[in-house]
Amino acid sequence: MPDAADLVDVELTHGSPGDVLLSQVDEHNVDHIVIGHTERGALARWLLGSVSSNVLARAHVPVTIVR
């Protein structure tokens, strides 16, 4: 059985979550994004933005949003 270190890569990055995620897609040749979505009110979405909506609008690969 493979060691956990062989299955998972960890990378710490800084920046806007949507921008960082989309740059990782390009850098690591990702072919599908699965992202979570939290339920927030309209005001919170307007003030804070929605990472999942941002990624969905800008991604060039298929995106699955899990609620």
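Sequence neighbours left out, not one pair with a member in residues 21-30 passes salt bridge (Lys or Arg N to Asp or Glu O under 4.0 Å). The stretch residues 12-25 participates, sequence neighbours left out, in these salt bridge (Lys or Arg N to Asp or Glu O under 4.0 Å) pairs: Asp19-Arg58.
For His28, the side-chain contact (heavy atoms from CB on, under 4.5 Å) partners are Glu11, Gln24, Val30, not counting sequence neighbours. The side-chain contact (heavy atoms from CB on, under 4.5 Å) check on Val63 picks up Ile33, Ile35, Val55, Leu56, Ala59, Ile65, with sequence neighbours excluded.
By the 4.5 Å side-chain criterion applied to Ile, Leu, Val, Met, Phe, Trp and Tyr, Val20 is assigned to no cluster and stands alone. By the 4.5 Å side-chain criterion applied to Ile, Leu, Val, Met, Phe, Trp and Tyr, Val34 is assigned to a cluster that also includes Val66.
The minimum heavy-atom distance between His60 and Val25, with the atom names listed, is CE1-CG1, 4.3 Å. Scanning all heavy atoms of the two residues, the minimum distance from Gly36 to Ser52 falls at O-CB, 3.9 Å.
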